[in-house]
Amino acid sequence: MIVRKNQATLTPDEKRAFTNAVLELKRTGVYDRFVATHNSFLTSDSDFGPRVGHRGPSFLPWHRRYLLEFEAELQKVDQKVSLPYWDWTADRTPTSSLWAADFLGGISRARDGQVLDGPFAHAAGRWAVTVGVDSRPYLRRTLGAGGVQLPTKAEVNAVLAMPVYDAAPWNSTSDGFRNHLEGWRGSSLHNRVHVWIGGQMASAASPNDPVFWMHHAFVDMLWAEWQMRNPKSTYLPAGRTPDVVDLHGVMRPWNNITPADLLDHRKFYTFDTEKPGAPKR
Ligand code: CU1
Ligand code: CU1
């Protein structure tokens with residue numbers, strides 16, 4: 001069984017195994033196919049039309065499935081690798097070990113945010129951005145620029161306390177857990193982390209930055225945490241609803257996967273915070 005670990009607890013060997021597997025997927029072209037998929041979904045997801053990956057109820061199961069496919073590709077490269085999660089309520093500064101040169105790198109050029117150290121620096125020769133909103137081939141970040149702060153534990157807890165998964169009109173104006181976690185309303189959790197990082201992470205081609213996976217692994221974990229704290233609540237909408245994926249609706253780009261298939265993460269992996277043998281949901 002796959003165990004997803006807090007990135008702050010990874011050993012140097014585990015960090016190297018993760019970044020090496022990511023670099024290998026980049027080399028073979030698999031990585032950029034993932035970036036392109038995300039880019040096309042984020043670009044077409046609309047408040048007033050079909051929405052699958054973002055701005056709607058299936059934001060959480062869509063990314064869960066997307067991460068599972070990426071993790072499976074990492075494991076084809078190295079069986080020991082799983083997706084680490086980044087608890088941005090705890091590791092909340094540009095000097096966190098996440099941004100050290102032995103992991104994701106953290107030094108950015110002031111002029112344009114080009115990442116200058118670590119395995120994903122353009123000069124290291126193994127990380128050219130090919131799918132994106134402009135032609136600049138290098139990874140960019142502006143960690144914490146402009147006075148943006150990462151969400152706090154208190155802000156997360158307030159959202160985890162919301163008992164209703166989602167609500168009409170099932171878009172970025174909805175009240176409810178999903179939209180507050182996605183971050184279009186309230187204190188803005190998930191969206192604000194993309195903005196705090198900046199560069200490609202603040203664009204539709206956000207998976208160009210490998211931190212994307214760790215950010216979303218944590219968002220995914222918060223969904224599991226919400227399920228545990230709100231055992232009577234479930235995915236909504238339960239029945240057919242225009243433009244959005246209901247509990248038993250098929251989620252593009254997959255042709256046989258529904259949100260119902262993805263509600264219990266323990267079919268696929270556990271988190272290092274969960275005790276083995278704990279009851280299944
Ligand atoms: Cu996304
Ligand atoms: Cu995201």
Side-chain angles (χ1 to χ4, degrees), residues 4 7 22 25 31-47 49-71 73 83-89 91-92 98 104 120 129 131-133 139-144 148-151 155-156 159 166 170-172 174 177-226 243-245 251-254 257 259 262 265:
R4 292 190 180 170
Q7 60 79 25
V22 168
L25 294 182
Y31 195 96
D32 285 347
R33 290 210 299 274
F34 278 86
V35 182
T37 297
H38 192 274
N39 190 44
S40 74
F41 273 80
L42 188 64
T43 308
S44 62
D45 290 327
S46 158
D47 271 350
R51 44 198 179 277
V52 183
H54 308 86
R55 297 176 173 271
S58 51
F59 166 71
L60 291 167
W62 191 91
H63 285 83
R64 176 166 285 173
R65 172 70 189 193
Y66 181 66
L67 263 62
L68 276 167
E69 296 214 338
F70 184 71
E71 189 171 50
E73 292 293 340
L83 285 182
Y85 62 87
W86 167 34
D87 179 350
W88 25 253
T89 68
D91 300 298
R92 45 185 305 105
L98 174 62
L104 298 188
F120 307 105
V129 172
V131 180
V133 291
L139 183 62
R140 291 177 287 116
R141 297 188 190 120
T142 52
L143 304 182
V148 181
Q149 301 286 322
L150 288 168
E155 287 169 330
V156 165
V159 171
D166 207 346
W170 318 106
N171 62 19
S172 76
S174 290
F177 168 70
R178 184 276 311 167
N179 198 33
H180 279 79
L181 175 58
E182 189 173 355
W184 304 106
R185 276 191 71 162
S187 62
S188 182
L189 301 183
H190 151 268
N191 285 346
R192 184 156 35 122
V193 177
H194 281 272
V195 172
W196 185 87
I197 295 164
Q200 281 90 359
M201 269 293 271
S203 80
S206 48
N208 274 308
D209 192 331
V211 77
F212 172 93
W213 309 103
M214 298 190 211
H215 170 36
H216 270 275
F218 187 59
V219 171
D220 184 83
M221 187 179 178
L222 293 177
W223 181 23
E225 178 71 26
W226 176 82
D243 291 332
V244 301
V245 184
M251 276 194 304
R252 288 180 292 114
W254 307 288
I257 306 289
L262 292 158
H265 71 283

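Counting starts at 1 for both ligands and their atoms, following the listed order. This is a predicted model, so every value here is computed, not measured. No hydrogens, no waters, no symmetry mates; every other heavy atom, side chains included, goes into these values.
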Participant: Testing N179, N191, D47 for side-chain hydrogen bond (donor to acceptor under 3.5 Å, both in side chains) with S172, which one passes?
Facilitator: D47

Participant: NE2 (H194) to the Cu ion (ligand 2) to NE2 (H190): angle, nearest 10 degrees?
Facilitator: 100°

Participant: Are H54 and H190 close enough that their ring centers fall under 6.0 Å?
Facilitator: no

Participant: Under a 4.0 Å N-O cut-off, is there an ion pair linking R51 with D45?
Facilitator: no

Participant: Whether R192 and E155 form a salt bridge (side-chain N of Lys/Arg under 4.0 Å from carboxylate O of Asp/Glu) is what I want to check.
Facilitator: yes

Participant: Should L189 and V159 count as side-chain neighbours, where that means a heavy-atom distance under 4.5 Å?
Facilitator: yes

Participant: What protein N, O or S atoms come within a distance below 2.8 Å of the Cu ion (ligand 1), ordered by chain and number?
Facilitator: H38 NE2, H54 NE2, H63 NE2

Participant: When the ring centroid of F70 is compared with that of Y31, is the distance short of 6.0 Å?
Facilitator: yes

